[in-house]
Amino acid sequence: MSALVCAAMMISFDKVSKRFGSNFALRDVSFDCEAGSVHAITGENGAGKSTLMNLLAGLFPVDGGEIRLHGKQLSPKSPADARSLGISTIYQELTLLPNLTIAENLFLGREPVRLGRIDRSGMREQARSMMARLGSGMDIDTYCGNLSVADQHLVEIAKGVSADADIFIFDEPTAALNAPEVEKLGELLASLKAQGKLVFYVSHRLDEIFRFCDRVTVLKDGRHVETRETRALTRDGLVSLMVGRVLSKFFPARPARSEAAPVALSVRDLQVQEGGPAVSFDVERGEIVGLAGLEGQGQRDIIRALSGLEPSASGMVIKSGEAGSAPLAFDVTKTVRSGVGFVPEDRKTEGLYLSLSIDRNITLGMLRRLNVWQLVPRRHDVIAELMRRLNIRSAGARQEVGELSGGNQQKVMIGRWLAAGIDVLLLEEPTRGVDVGAKAEIYELLREFTKGGGAVLTLSSELLELLGLCDRILVVRQNEIVAELDGAQATEEEVMRHALVGRADNGVHVDA
Amino acid sequence: MLWWVAQIMVCMSMLELARKSRRTGLSPIVLALPVALFVLLCLSSDTFRSLENLANVNSQITALMIASLGQGIVAISGGIDLSVGSVMSLTSAILVTADPAWGIPLALAMGVCVGLINGFGVTLFRVHPLVMTLATMTFVQGVALLLHPVPGGVVPGYLRTLAVSQVAGMPAAFFWCTAAILLAWFLLTRSPLGPRIYAVGANPVSAGRNGIAVMRLKVACFVLCSLSAVIAGIFLTARVGAGDATMGAPYSLDTVTAMALGGIQLAGGTGSVLGVVAGVITLGLISNGMNLLGVSPFLRAALTGVLLLMAIGLQRREAIGA
């Protein structure tokens with residue numbers, strides 16, 4: 001460590017906890033950070049990285065323990081408050097306003113004012129030099145809504161860095177940047193460090209952690225695992241710190257698979273966007289296939305494309321069933337009509353009708369075979385039977401779905417497709433917001449569905465769920481399938497290695 | 001002749017502005033509509049061209065102009081205020097019932113109160129602005145009628161002078177209009193509040209993360225809107241020369257019509273002072289022109305509706321923000 005930097009502890013986290021409802025997002029996290037260093041925060045999806053940083057940024061209050069700045073308690077009440085305390089955050093999601101120019105965005109909320117009016121020329125001049133520091137010659141009078149995503153990220157970084165702050169938080173800053181821009185970012189981090197600032201660098205990109213950061217803190221399931229000097233760590237060492245949880249017992253047993261199960265869904269050269277990478281894979285009848293990977297690597301796009309929600313997708317998808325084989329159109333109505341059901345990640349806004357009763361939500365599934373002028377069948381018997389099978393705990397079939405617990409809502413969502421008689425189910429986050437008991441029931445339900453000849457393709461940000469549930473796991477990284485693993489044998493470490501490092505470094509076979 | 005040259009120059013500079021900007025909501029149709037109407041009316045009616053009538057149009061649209069500028073600020077911040085008309089009515093009732101010395105301060109204080117109630121209802125209690133201001137609109141209208149059930153009363157003399165006298169050959173209304181436009185223009189384009197209002201309208205979450213006090217700003221917008229309604233009410237009462245507890249009623253929706261004609265999107269984040277001015281002039285010309293041409297008031301309303309639909313249909317609607 002350079003002689004310039006004194007070993008003064010700047011920020012200390014002391015038994016910091018944060019709860020959302022009954023779930024702990026963070027639990028007793030304690031570690032210290034030094035001024036004049038770049039401190040990486042890493043961990044798997046949902047480890048609590050962003051939550052921890054959002055506490056510092058003032059988005060929500062700490063529930064337990066405290067954060068100390070130079071030994072004094074720090075509790076920013078709002079983003080504005082955090083900013084005035086000298087904490088500047090570069091958010092992962094863009095916070096630029098599309099209807100303001102680059103210059104206006106850079107100075108939003110702290111416009112240079114002269115005689116009651118904005119000092120436009122001064123503001124534009126400073127904006128230009130701020131962008132130049134990042135090596136960008138963008139026209140600062142451009143409206144941000146007209147910029148590419150990468151350019152918007154650059155503006156976002158310029159905005160964060162220009163703040164008069166002592167602590168900088170970079171939340172996954174490089175997601176949209178290209179190599180030279182990442183290089184510039186590295187220089188920027190070094191110069192902040194030289195000024196004695198503390199930089200938090202949230203990322204799960206190993207190479208950047210090792211290149212840019214002095215120390216790294218690993219979180220897992222909201223708990224602190226380790227804080228170490230990056231020099232004292234190897235890549236494998238870091239990965240093994242990030243993984244290593246115990247698989248629970250509540251997953252149903254995988255049935256023995258016959259070799260020649262018929263294919264239910266055959267995906268060939270599926271391109272979610274024009275010019276993007278293409279993926280090919282099969283889903284057989286009777287099997288549950290999971291798409292694993294870090295968040296935002298393209299798993300969601302693949303499932304959404306298959307469900308017909310991405311009309312710009314292209315490629316060949318053959319759906320085979322009792323009625324024969326037919327290519328699938330990238331159109332929601334036609335997809336449902338050919339027997340493919342989709343359970344979205346956010347069932348409350350994209351799936352269910354919260355103000356309608358359970359039976360009506362389920363009946364909707366049966367409508368797919370009717371013409372508009374036909375009467376809706378009142379199949380009380382079918383619905384009662386289905387509710388028994390799904391074990392939906394409610395006050396009766398007439399209860400509003402919005403009043404049910406998350407788990408029972410998810411069962412209604414799946415029940416709708418069962419009533420519709422579909423044979424391929426696409427699920428995003430099958431058990432998000434579902435309590436543990438209901439989770440097991442949903443897994444059991446999916447397994448039953450496949451035993452009856454159905455096929456399931458799912459994605460989950462909870463790796464353990466995929467490991468426990470799936471027959472096969474496809475690891476997706478940067479919109480490509482980089483590995484195919486047997487669900488029964490795959491380990492968390494193995495999946496994470498593929499998800500983090502990718503194709504080039506492993507001798508894995510890729511299903512084509 | 002001079003009018004023509006001026007109109008053409010104005011028209012050209014407007015088009016130049018329209019090309020440049022993305023957030024102003026100014027499309028060629030927004031700016032061409034008032035100009036086209038003006039030209040059409042000049043050709044079809046001799047009376048219209050007279051300076052007298054033009055001054056008349058100016059004073060007819062002044063109240064709408066002032067109220068619409070306030071409505072525009074709320075619209076850009078992502079809200080809507082239906083209570084402007086009732087606030088104008090109550091202002092009128094206060095001016096003729098209160099002591100002349102206290103009339104204006106009382107009316108302004110009332111405006112601040114209504115604005116605060118609207119603002120806190122929308123932000124703190126998360127009521128949709130449409131519902132919130134519908135409630136205050138109904139309430140304030142009721143209070144106005146309670147206070148001054150029968151139209152009439154005496155307007156303080158100095159107000160009458162301020163509203164209808166002429167300065168250097170120009171009607172006083174012209175100065176009221178100009179002052180209001182300049183104030184709103186300064187607020188939206190020159191003061192630091194301008195970009196913040198646009199920011200909150202486009203995406204309040206992002207704006208908050210940029211350190212803007214979103215709630216305070218939204219409340220301020222509603223207060224500004226109510227205040228501008230009070231001033232519009234003062235002018236209108238003075239011009240008419242009598243108090244009337246329903247005189248503002250049509251303005252609640254007329255200001256919203258002016259927004260639509262002026263390219264200001266009620267979703268927030270898009271709009272401009274020039275757009276408000278264009279929208280108000282369009283409405284004023286329709287009303288004055290049809291009056292001169294002897295069109296029945298019922299047909300006039302129907303035609304205004306058609307024109308509104310056409311204008312909206314021809315505008316390029318682009319949602320801003322996430």
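Chain letters run A, B, ... following the sequence lines, proteins first, then strands; residues in each count from 1.
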Worked verdict on B:His128 versus B:Val122 for side chain to side chain contact (heavy atoms under 4.5 Å, CB included): CA-CA 6 Å; B:His128 191 280; B:Val122 167; over 6 Å; no

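Considering only heavy-atom pairs separated by less than 4.5 Å from chain A, the leading option among B:Gly211, B:Gly194, B:Ala207 is B:Gly211.
Listed for the A:Glu428 side chain is a donor-acceptor partner under 3.5 Å among the backbone atoms of A:Glu345. Listed for the B:Ser252 side chain is a donor-acceptor partner under 3.5 Å among the backbone atoms of B:Leu82.
Contacts with chain B (heavy atom to heavy atom, under 4.5 Å) involve these residues of residues 106-119 of chain A, listed by number: A:Leu108, A:Gly109, A:Arg110, A:Glu111, A:Val113, A:Gly116, A:Arg117, A:Ile118.
Look at A:Arg304 and A:Glu350 and you find a salt bridge, because one of the NZ, NE, NH1 or NH2 atoms lies within 4.0 Å of a carboxylate O, short of that distance.
More than 12 heavy atoms of other residues, nucleotides or ligands sit less than 6.0 Å from atom CZ of A:Phe60.
With values rounded to the nearest 0.5 angstrom, A:Ser203 atom OG is found 11.0 Å from A:Ile41 atom CD1.
In this model, a donor atom of one side chain and an acceptor atom of the other lie less than 3.5 Å apart for A:Asp171 and A:Ser50.
A:Leu59 touches chain B through its side chain: at least one heavy atom from C-beta onward sits under 4.5 Å away, while N, CA, C and O do not.
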